[in-house]
Asks: 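Structure in structure tokens, see below.
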Protein chains: 2
Amino acid sequence: MAKTDTLPPIAHPTRDEITIEGVLRALADPVRLAIVRQLAATGQEIACGGLTVPVTKSTLTHHLSILRHAGVVAGRQEGTTRFNSLRRKDLDALFPGLLAGVLAAPR
Amino acid sequence: MAKTDTLPPIAHPTRDEITIEGVLRALADPVRLAIVRQLAATGQEIACGGLTVPVTKSTLTHHLSILRHAGVVAGRQEGTTRFNSLRRKDLDALFPGLLAGVLAAPR
DNA sequence: GTCGTAGTTCGACAGTCACCGTACTACGTC
DNA sequence: GACGTAGTACGGTGACTGTCGAACTACGAC
């Protein structure tokens with residue numbers, strides 16, 4: 001099983017479960033915004049340890065959990081590493097322009 | 001006597017003082033989101049009393065203050081009435097697409 | 001097995017925030 | 001003047017949230 005169907009131990013909301021308010025709440029924090037920016041900048045997956053944030057590991061876990069529950073990021077487990085990615089397609093489909101507007105902000 | 005003859009001392013941030021984080025924080029509340037939606041729907045100014053929100057007057061004042069400080073809405077005083085409007089031009093210029101994305105959200 | 005690494009879970013704590021009621025100011029009308 | 005209306009300011013309270021350290025699980029390498 002080299003595909004995706006075997007290991008979804010991480011709960012993600014489906015596209016229609018994503019709410020604008022949840023997304024806005026998730027983005028309305030400097031640490032989480034930094035995470036989203038890094039994910040958007042690379043356009044690739046980033047492991048937790050590869051994210052540059054000024055908080056401890058446990059706090060980072062907390063923030064990633066919020067982002068995941070809001071439907072902003074997706075997590076993929078591989079060994080002990082968790083790869084995080086931006087759910088750009090879903091977000092763009094639900095709220096076209098939102099992500100672009102946020103990322104267009106002058107830092 | 002020397003009364004306040006110039007009456008628009010309502011503090012609004014200039015365009016370059018508006019931050020994406022402040023805007024997101026302001027929008028990340030159901031009451032404030034409802035206010036923004038109503039302002040966007042009519043495209044016109046709405047007095048405080050003309051807004052439909054499930055909170056008391058004092059709480060509404062609080063929310064409008066946050067929206068104003070974040071640069072999301074502008075307030076214009078006329079007699080005892082305060083007219084609120086969406087700063088759509090500024091927001092679109094700073095964060096193109098953001099407002100559209102938020103308003104595109106289902107409900 | 002033992003160790004190190006990646007990340008989560010679990011309290012706990014401090015700061016923020018939404019909410020309210022009351023009191024207050026400012027304006028218009030009688 | 002007195003009165004009603006539009007909205008703000010103040011003080012308080014309960015709930016939420018971001019933060020941390022320490023303990024924990026899971027995997028890989030030795």
Side-chain angles (χ1 to χ4, degrees), chain A residues 1 6-12 19 21-36 38-39 44-70 72-85, chain B residues 1-12 19 21-36 38-39 44-70 72-85:
Chain A
M1 52 282 203
T6 49
L7 48 93
I10 311 174
H12 293 95
T19 68
E21 207 208 304
V23 172
L24 289 173
R25 275 199 111 71
L27 296 178
D29 177 276
V31 173
R32 295 196 286 268
L33 202 51
I35 294 172
V36 169
Q38 290 174 48
L39 289 173
Q44 302 190 341
E45 296 177 314
I46 304 181
C48 300
L51 290 165
T52 305
V53 285
V55 292
T56 62
K57 276 201 304 179
S58 59
T59 303
L60 174 58
T61 296
H62 166 69
H63 283 306
L64 283 173
S65 163
I66 289 183
L67 285 170
R68 225 180 311 116
H69 281 104
V72 178
V73 311
R76 181 177 63 86
Q77 197 79 21
E78 193 175 310
T80 65
T81 305
R82 180 183 226 105
F83 288 100
N84 306 284
S85 59
Chain B
M1 344 204 328
K3 45 190 278 203
T4 50
D5 40 1
T6 45
L7 59 85
I10 310 177
H12 294 95
T19 68
E21 208 208 303
V23 172
L24 289 173
R25 269 210 177 290
L27 295 178
D29 177 277
V31 173
R32 294 195 287 267
L33 203 50
I35 294 173
V36 169
Q38 290 174 47
L39 289 173
Q44 302 190 342
E45 295 177 316
I46 304 182
C48 300
L51 290 165
T52 305
V53 285
V55 293
T56 62
K57 275 200 306 178
S58 59
T59 303
L60 174 58
T61 297
H62 165 69
H63 284 304
L64 284 173
S65 162
I66 289 183
L67 286 170
R68 226 179 312 117
H69 280 104
V72 177
V73 311
R76 182 177 62 87
Q77 197 78 22
E78 192 175 310
T80 66
T81 305
R82 177 180 231 118
F83 288 100
N84 306 282
S85 58

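Each chain gets a letter, A, B and so on, in the order its sequence line appears, and its residues count up from 1.
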Asks: A:Cys48 or B:Arg32: which one's nearest nucleotide on DNA chain C is closer to the 5' end?
Replies: A:Cys48

Asks: Hey, is the side chain of B:Arg82 poking within less than 4.0 Å of OP1 or OP2 on D:dA6, counting only N and O atoms?
Replies: no

Asks: Calculate the interatomic distance between A:Glu21 atom CD and C:dC17 atom C1'; express it in whole Å.
Replies: 14 Å

Asks: Could you tell me, to 10°, how much the axis swings from one end of the helix from C:dG1-D:dC30 to C:dC30-D:dG1 to the other, five pairs per end?
Replies: 20°

Asks: Start at the 5' end of DNA chain D and walk down; is the nucleotide closest to A:Ser58 or to B:Gly49 reached first?
Replies: B:Gly49

Asks: Can you measure from CZ (A:Arg32) to CD1 (A:Ile35) and round to the nearest 0.5 angstrom?
Replies: 8.0 Å

Asks: Does the side-chain contact (heavy atoms from CB on, under 4.5 Å) test come out yes or no for B:Leu33 and A:Leu24, once each step is laid out?
Replies: CA-CA 10 Å; B:Leu33 203 50; A:Leu24 289 173; 4.1 Å; yes

Asks: Between B:Asn84 and B:Leu39, which heavy-atom pair has the shortest distance, and what is it?
Replies: O-CD2, 3.3 Å

Asks: Over how many whole Å does the gap from B:Phe83 atom CZ to C:dC27 atom P extend?
Replies: 15 Å

Asks: Mind calculating the distance between CG (B:Asp29) and P (D:dC16) to the nearest angstrom?
Replies: 14 Å

Asks: Does any donor atom in the side chain of A:His69 or A:Ser65 lie under 3.5 Å from an acceptor atom in the other side chain?
Replies: yes

Asks: Could you tell me how far apart A:His62 (NE2) and D:dT17 (P) are, to the nearest whole angstrom?
Replies: 8 Å

Asks: Given C:dT9, C:dC20, C:dA18, which nucleotide is nearest the side-chain atoms of B:Thr59?
Replies: C:dC20

Asks: To the nearest angstrom, how far is B:Leu64 atom CG from C:dC19 atom P?
Replies: 12 Å

Asks: Side-chain contact, heavy-atom cut-off 4.5 Å: A:Arg76 with A:Ser85?
Replies: no

Asks: Quick check for you: among C:dG7, D:dT19, C:dT8, whose closest atom lies nearest to any side-chain atom of A:Arg68?
Replies: C:dT8

Asks: Which heavy atom of B:Gly75 sits nearest a heavy atom of B:Arg68, and at what distance?
Replies: N-CD, 4.1 Å

Asks: So what does A:His63 hit on the nucleic acid, given a heavy-atom distance under 4.0 Å: a base, only sugar-phosphate, or nothing?
Replies: sugar-phosphate

Asks: Can you identify which nucleotide, out of D:dC20, C:dG7, C:dA18, has its nearest atom closest to the A:Lys57 side chain?
Replies: C:dG7

Asks: How close or far is atom C1' of C:dG28 from atom CD of B:Glu78, stated in whole angstroms?
Replies: 13 Å

Asks: Of the nucleotides D:dG18, C:dT8, D:dG7, which has the atom closest to the B:Ala47 side chain?
Replies: D:dG7

Asks: Does A:Arg25 reach the main-chain N or O of B:Ala28 with its side chain, forming a donor-acceptor pair under 3.5 Å?
Replies: yes

Asks: Just call it for A:Thr81: base, sugar-phosphate, or nothing, with non-hydrogen atoms closer than 4.0 Å on any strand.
Replies: sugar-phosphate

Asks: Who pairs with A:His62 by side-chain contact (heavy atoms from CB on, under 4.5 Å), at least two apart in sequence or on another chain?
Replies: A:Ile66

Asks: Show each protein N/O and nucleotides 2-4 of chain C N/O combination with a separation under 3.5 Å, one pair to a line.
Replies:
none

Asks: Treating B:Glu78 as the side-chain partner and B:Phe83 as the backbone partner, does any N or O pair qualify as donor plus acceptor under 3.5 Å?
Replies: no

Asks: Contact class for B:Ile66 (heavy atom, under 4.0 Å): base, sugar-phosphate, or nothing?
Replies: sugar-phosphate

Asks: Considering the options B:Leu64, B:Thr61, B:Val53, which one meets the side chain to side chain contact (heavy atoms under 4.5 Å, CB included) requirement together with B:Cys48?
Replies: B:Leu64

Asks: Starting at CD of B:Gln77 and ending at P of C:dT25, how long is that distance when rounded to a whole Å?
Replies: 16 Å

Asks: Rounded to whole angstrom units, what separation is found between the CZ atom of B:Arg25 and the C1' atom of C:dC17?
Replies: 9 Å

